[in-house]
Amino acid sequence: MKFDTVIIGGGLSGLTAAIVLASQRRRTAVVTAGQSSLHFCSGSFELLGTDGAGKAVDAPFEAMSSLPPSHPYSRLGGAAGVAPLLERVGPMFEEAGIAVTGSATKNHWRLSPVGVFKPAWLTLDEMVSLSDLSAMPWRKVAIVNIKGYLDFFPRFLAVALEKRGVRVAMEAVTVKALADQRVSSTELRAANIARLLTDDVVDALAREVNAVVGDAEAVLFPAVAGFENASAAERLRSAVGRPLQFVSTLGLSVPGIRMEKQLTRRLQQLGASVLHGDRVSRGFFTGDRLDAVETVNLGADRLEADNFILASGSFFSHGLTALSDGVSEPVFGLDVEAAGRRADWFDKDLFRPQPFMKFGVATDAGFRALRGGRPVENMRVAGAILSGADSVAEGSGAGVALATAMAAANAILKD
Ligand SMILES: Cc1cc2nc3c(=O)[nH]c(=O)nc-3n(C[C@H](O)[C@H](O)[C@H](O)COP(=O)(O)OP(=O)(O)OC[C@H]3O[C@@H](n4cnc5c(N)ncnc54)[C@H](O)[C@@H]3O)c2cc1C
C-alpha cells in the first residue's frame with residue numbers, strides 16, 4: 001500500500017499532523033498501537049505553565065525566551081515561530097467538535113483532581129477554568145460525586161476552594177443504573193459510568209443533583225460524561241438548575257478519550273486511513289531514506305510512503321524504551337539524546353524535575369530523525385518523543401505536541 005505520508009502514532013501530535021495533511025488532500029495513513037496520553041488527559045492543554053522551577057507562567061509566549069536552545073520551542077524559533085503554528089489549532093478543534101476556551105498569550109487556571117490550580121492554555125468548555133484566582137467566581141459551591149466512584153476526591157477540591165474563601169458542600173448521589181453497576185468497589189470506574197449515561201440516566205442524575213445542592217451557586221462534578229461527544233455532558237449541565245462544571249478525575253479520562261475519538265473521526269472524514277490497534281514493528285531504508293514500514297497486523301504487506309512522521313510518544317506510550325543498558329527508540333533504532341549513566345536518568349528527589357523527561361529522539365534543525373548521526377531525509381519527528389522538553393516540570397505537553405506536529409506537516413506540504 002502506498003501513501004503520501006504514513007504517521008506512526010495516533011496521539012495528539014500524530015492525529016493533528018494527519019488532519020493538516022489530509023485536509024490538503026494528501027493520501028495519509030496513521031498507524032496507532034493503542035492508548036495515548038490523551039486517554040489520561042486532564043481536559044486542559046498546556047503550552048508553558050511554569051518556568052521549569054515551579055514558578056507559574058502568566059504569558060507563555062513571553063516566557064519562551066527563557067527556554068534553553070535545545071527546547072523544541074526554541075528550535076522552532078521561540079514565540080515568533082510557535083505562534084503561527086498554533087493558529088491552526090483552534091479551527092481544527094472546532095471542526096472536530098472540540099469546544100475549548102483559553103488563549104496562548106495568557107494562561108488561565110485549571111483545577112487538578114487533587115485540588116491544585118495549574119496554569120493552562122486551552123480547557124474544554126465544560127471544565128473548571130478560572131481567569132483570576134484572587135477573585136473566585138462563586139461564594140458557595142456544591143461538589144457532587146457519584147456514590148461509589150473512587151477516582152474523584154471532593155475533600156482535596158474542597159480544601160483548595162476553602163483556602164480561597166469559597167464555602168463548599170460535599171454531596172454524593174446515585175441512580176439505579178449506576179448503583180446496579182457497583183457489584184464491587186472496583187467496577188464503578190469512569191469508563192463504566194460514561195457508558196451508562198443515556199439520556200434517561202442523565203436526567204435522573206440531574207434530579208438527584210438538584211435535590212442535594214441547596215443554596216450553592218455552582219456545582220462541580222467529576223468529568224465522567226460523554227465518550228463519543230459532549231452531548232451527555234451538555235445534557236447534564238442544562239438539566240441541573242445552576243452552573244455545573246466538570247473537574248478532571250484520576251485514572252482514565254473520559255474527556256480525553258472523547259477528544260481522541262473526535263480527532264480520529266475528523267481525520268476519517270477527510271479520507272485518511274487509521275489503522276487502530278496496529279503497531280509499526282520495522283522500517284525499510286535505502287541509504288538515508290525510509291521506504292516503507294511493516295506493521296504487526298499487515299505483516300509482509302508493507303506501508304510505503306514518500307514521507308513519514310514519527311509521533312509514537314515517550315516512555316509512557318513505548319515510543320522510547322529504557323532497559324538496563326540504555327534508552328532507545330525501539331522501532332527504527334534512531335539516535336536518542338539521553339544520559340548514558342543510569343544513575344543520571346533520574347533525581348532521587350521525586351519532586352524535582354526528572355532528567356529522563358527530556359530524553360528523546362535526536363533530530364536535525366528541520367526535525368528530521370537522526371540515524372547513525374545522519375538525518376533520515378523523509379522522516380520528521382513530532383510530539384512527546386522529541387528530546388529537550390519536560391512536559392511535567394514545564395507544563396508544556398500539548399503545546400510541544402501540537403507545535404511540532406504542525407511544523408512536521410507544514411514541512412511535508414512545502415517539500
Ligand atoms: C499520562 C499523561 C497525561 C498527560 N496529560 C496531559 C494534559 O492533561 N495536558 C497536557 O497538556 N499534556 C499532558 N500530557 C503530556 C502529553 O505527552 C502531551 O500533551 C501529548 O498528548 C503527547 O502526544 P503525542 O502524540 O506526542 O504522544 P502520545 O500521546 O504518547 O501518543 C503516542 C501514540 O503512539 C502510539 N505508538 C507508540 N509506538 C507505536 C508504534 N510502534 N506503532 C504504532 N503506534 C505506536 C501509542 O500507542 C500512542 O497512541 C500527559 C502525558 C501523560 C503521559
Side-chain angles (χ1 to χ4, degrees), residues 6-14 17 30-37 68 70-72 75 275 277-299 302-303 305 307-348 353-393 396-397 400-401 404-405 408:
V6 167
I7 297 177
I8 300 123
L12 186 61
S13 52
V30 175
V31 186
T32 190
Q35 258 179 3
S36 75
S37 314
S70 54
H71 195 283
R75 298 178 56 209
L275 286 71
D278 200 357
R279 176 174 286 279
V280 170
S281 51
R282 200 174 153 195
F284 297 87
F285 292 85
T286 303
D288 292 331
R289 278 189 79 79
L290 178 61
D291 299 321
V293 293
E294 191 172 277
T295 79
V296 172
N297 292 350
L298 295 174
R302 295 176 189 170
L303 300 176
N307 292 287
F308 294 84
I309 298 178
L310 181 66
S312 50
S314 185
F315 298 104
F316 178 79
S317 295
H318 308 294
L320 294 177
T321 48
L323 297 173
S324 54
D325 57 344
V327 173
S328 62
E329 185 288 306
V331 179
F332 303 100
L334 301 173
D335 298 352
V336 163
E337 279 169 6
R341 276 178 2 116
R342 199 179 162 83
D344 297 330
W345 292 0
F346 52 87
D347 189 312
K348 282 185 182 151
Q354 294 296 326
F356 67 81
M357 287 300 299
K358 288 192 175 174
F359 296 175
V361 163
T363 51
D364 73 358
F367 289 89
R368 287 183 195 83
L370 297 183
R371 187 167 170 264
R374 296 167 61 87
V376 181
E377 286 167 17
N378 60 339
M379 185 190 223
R380 311 268 169 177
V381 184
I385 192 174
L386 282 165
S387 64
D390 179 343
S391 61
V392 173
S396 62
V400 167
T404 55

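Quick caveat, the model's predicted, so the values are computed rather than measured. Counting begins at 1 with the first residue of the sequence.
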Side chain W345, main chain A339, donor-acceptor under 3.5 Å: yes
Using a 3.5 Å distance criterion without hydrogens, assess whether the side chain of Q354 forms a donor-acceptor pair with backbone atoms of D347. yes
Can you name the residues that form a side-chain hydrogen bond (donor to acceptor under 3.5 Å, both in side chains) with T321, not counting sequence neighbours? S328
Set of residues satisfying side-chain hydrogen bond (donor to acceptor under 3.5 Å, both in side chains) with respect to S391, sequence neighbours excluded: none
Do [X] and [Y] have side-chain heavy atoms sitting under 4.5 Å apart?
X    : Y    : answer
V381 : I309 : no
L310 : M379 : yes
T404 : L386 : yes
F359 : S387 : no
V376 : F308 : no
L303 : L298 : yes
F332 : L290 : yes
S281 : V296 : yes

Pairs in or reaching into [range]: which pass salt bridge (Lys or Arg N to Asp or Glu O under 4.0 Å), with residues at least two apart or in two chains?
range            : result
residues 307-320 : none
residues 323-336 : none
residues 376-388 : R289-E377, R380-D415

I need the full list of side-chain hydrogen bond (donor to acceptor under 3.5 Å, both in side chains) pairs touching residues 361-373, with sequence neighbours left out, sorted by first then second residue. R75-T363, D364-R368
Before you tell me yes or no, could you show the steps for V361 and E337 under side chain to side chain contact (heavy atoms under 4.5 Å, CB included), namely the whole-Å CA-CA distance, both residues' side-chain angles and the distance that decides it to 0.1 Å? CA-CA 6 Å; V361 163; E337 279 169 6; over 6 Å; no
Evaluation steps, side chain to side chain contact (heavy atoms under 4.5 Å, CB included), between F356 and V327: CA-CA 9 Å; F356 67 81; V327 173; over 6 Å; no
Between K358 and D390 (salt bridge meaning N to carboxylate O under 4.0 Å), is one present in this structure? no
What do the steps show when you test V293 against V6 for side chain to side chain contact (heavy atoms under 4.5 Å, CB included), and what is the final call? CA-CA 9 Å; V293 293; V6 167; 4.2 Å; yes
Measuring from I385:CD1 to S13:OG, what's the distance to the nearest 0.5 Å? 9.5 Å
Before giving the answer on side chain to side chain contact (heavy atoms under 4.5 Å, CB included), spell out for D278 and T32 the whole-Å C-alpha distance, their side-chain angles and the decisive distance to 0.1 Å. CA-CA 6 Å; D278 200 357; T32 190; over 6 Å; no
